[in-house]
Structures are given as structure tokens and as C-alpha cells.
Amino acid sequence: MIEARHLRVLRAVAATGSFSAAGRELGCTQPAVSQQMKALETSVGTPLLVRGGREMRLTQAGEALVRHAAGILAGLTAAEEEVAAIAGLRAGRVRLVSFPSGTSTLVPTALAALRAAHPGTRVSLEEAEPPRSVELLREGDCDLALAFRYQGAPATEEWDDLVVRRLLTDRLVALVPERHRLAGAEAVAIGELAGEPWIAGCPRCRGQLVQVCEGAGFTPRIDFATDDYPAVVGLVGAGLGVAVLPQLAVESVRPRGVRVVRLEPAVRREIVALTLPDLAQVPAVAATLEQLGRAAARG
């Protein structure tokens, strides 16, 4: 019989590459990790690791078991959380991963409402952009991921195996210096900015910018690139270029010295909350999903 604690040890060994590093991650000794790995290999009846000098790698059986471990552990977590909530032992916990502009806009409102309604629920927060946030969810390292994808962009990932809660549609807007020739315009076509120097945002937004610009017949000259939205706004405000950002990102900063202009034709991204089917049944996760939906509706 495979035990959950042995699967957690196997995942840690696969991720870190050694028993000692896995022990540090799990808070136990290297001999304890070695003993549990031997017990797991005895349970499944085949070697899971190939040990050679300092190098350690998974066998084919080990790779298969690691691949299934995330779903198995997620199912066990779901069972533990639901049983604990039903028994009244605790309200639950949620590990949330969000991208930065979602963290500064949707998440605070949702978590404040969640705390007011369920003060015993504990929520931890980590920041990651998709697709990394979606990987963390599938790997069992979070319970809920706030993510986005651009409408009309080539599908680079599928969410068919996940529970998808659609929150809102976020529109891209143009940012120009307040003394720019287009600062007074109500709307601007991306082609009107073809000759401008550009400040680009996060890698995924940067890729979308290049794609939209190339669709309009030009390649943007990107002078500056930064993942920090306030820095993008600051660079535009200093007259160093123009930018295109999601509206949600603009709402998360104070756009001093810039003008926000509607972009036509519209370019949009879909903001969603994602979780695994088993975790969607956990009361704390379901409550967090509900509050994220309400926060998006109020926005």
C-alpha cells in the first residue's frame, strides 16, 4: 500500500535531486528520507531511483509515480479539509497564487470579505504569472490560482482538467506621456504608436504587445522592459516612451504624468480563478472562489 507521506518524500527527492536536500525541505533527516524511500520501493515492488555517485535520477516507474502524486495528494488534501470542516475542527486553509495586478486589486477585497465571513480560515499568498501559477496548481503546491489568458492568442495551454471560475474581462489600454500628441484622444489605434519608443511589461504581456503590433504591421521598438507596473508608468510619465497595459494593472498604481487612452480595436484578456476538481469541493477553497467572484463583480 502506498502511503501519502512516502509520496510527499518522493516528490521532494525528485524536485531537489538528493536525500539531504529533500530532508531539509521536509524538515527531517537524510536517513529518515532514505528509510521512507526504501519503504516506498518495497511497497510498489520496483526501484524508483537510480543512485550513482552524486547523481540521482528517477526510473521509469519513479517518473510515473511522481506524475500521479500531485493528483493523489490533492485528493487527500481535499478529503482532509472537507472532513475537518464537517467535523467542525477547523475552518480550513487556502494556498493562493496570483499574478501581481490581481494581487493588488481583486485579492485584497476578496480576502478581507473572506476573513470577515470566516475568521478561522487561513490564506497564504504567493505571486506567480501564468503559466507558472497553473503549474504550481497542477503540481499540488497551491490550492487556487488566479490567472489570465489573452483572447484570440494561440492556445499554449489547456485548462480542461481544471475548474475554471471566470471573473472578468480585462481590456488593454494605451499609456502616453501627458504632453504626448495623443494625450487628449479618447481612443487610439495601436498603429498610431508605431514610431514610438516602447516600455514593455511582464514577459507574457510583452509577447502579447509584439503580437498585436505585428498584427498592425509594425514591430515595436522596445527601449525598456520591466515586470514592475509602477516602473512602466514612471517611465512613460518621464516621457521615455509609450506602453500598453491591462486596465487592471493601471488600477493597481497611481498613473502620475501619464494619460490613459482606450485602445481600438479592443484587445482583452480573461481573468480566471483556477482549482482542481477535488479542491473545488473543499469549503475554504469554495468560499475563496466565491469572494473572488464578488470582488470582480464589484470592480
Side-chain angles (χ1 to χ4, degrees), residues 15 67 70-71 73-74 77 94-111 123-173 199-213 215 222 225-232 243-253 263 266-280 285-286 288-293 295-297 299:
R67 190 168 61 250
L73 293 174
T77 299
V94 179
R95 297 168 297 164
L96 173 64
V97 172
S98 173
F99 56 94
S101 58
T103 301
S104 58
T105 53
L106 298 176
V107 170
T109 302
L111 296 192
V123 181
S124 63
L125 175 64
E126 180 181 344
E127 281 195 345
E129 296 274 356
R132 179 54 185 154
S133 56
V134 183
E135 292 173 1
L136 289 171
L137 177 63
R138 288 196 173 107
E139 290 168 1
D141 293 322
C142 72
D143 305 309
L144 193 58
L146 208 61
F148 64 86
R149 60 183 172 188
Y150 285 95
Q151 295 179 349
T156 57
E157 59 180 310
E158 295 296 334
W159 295 340
D160 294 344
D161 59 321
L162 304 175
V163 173
V164 181
R165 174 71 179 264
R166 288 172 174 80
L167 300 177
L168 58 88
T169 299
D170 190 22
R171 182 171 177 153
L172 296 192
V173 293
I199 293 98
C202 73
R204 198 167 194 184
C205 296
R206 199 176 310 156
Q208 181 67 14
L209 167 66
V210 172
Q211 180 181 329
V212 171
C213 290
I222 298 175
T226 173
D227 294 349
D228 186 66
Y229 291 132
V232 173
V244 167
L245 288 180
Q247 181 67 45
L248 204 63
V250 177
E251 292 174 4
S252 68
V253 298
L263 197 63
V267 180
R268 300 180 175 89
R269 65 176 185 171
E270 183 183 29
I271 309 298
V272 300
L274 305 171
T275 191
L276 295 169
D278 286 332
L279 291 173
V285 174
T288 307
L289 272 174
E290 181 63 25
Q291 294 300 341
L292 284 168

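If you're wondering where the values come from, they're calculated on a predicted model, not measured in any experiment.
The shortest distance between side-chain heavy atoms of E126 and D141 does not fall below 4.5 Å. Counting heavy atoms from C-beta outward, L248 and F148 have side chains that stay 4.5 Å or more apart. Between R206 and D227, the closest side-chain pair of non-hydrogen atoms falls below 4.5 Å. At least one side-chain heavy atom of V210 sits less than 4.5 Å from a side-chain heavy atom of I222.
The two atoms that bring V107 and T103 nearest to each other are CB-O, 3.6 Å, heavy atoms only. In terms of heavy atoms, T275 sits closest to L289 at CG2-CD1, 4.1 Å. In terms of heavy-atom proximity, P277 sits nearest to D161 at CD-O, 3.4 Å. The two residues L146 and G102 have their closest heavy-atom pair at CD2-CA, 4.0 Å. Between V94 and V285 the shortest heavy-atom distance is CG2-N, 3.8 Å. Across all non-hydrogen atoms, the minimal contact from L106 to A295 is O-CB, 3.7 Å.
Remark: side-chain polar atoms of D170 are not paired, donor with acceptor, to backbone N or O of P246 under 3.5 angstrom. R269 places no side-chain N or O within donor-acceptor distance of the main-chain N or O of L172, the cut-off being under 3.5 Å. A donor-acceptor contact shorter than 3.5 Å links the side chain of S252 to the backbone of A249.
Salt bridge E135/R132: present, at least one basic N to carboxylate O contact under 4.0 Å.
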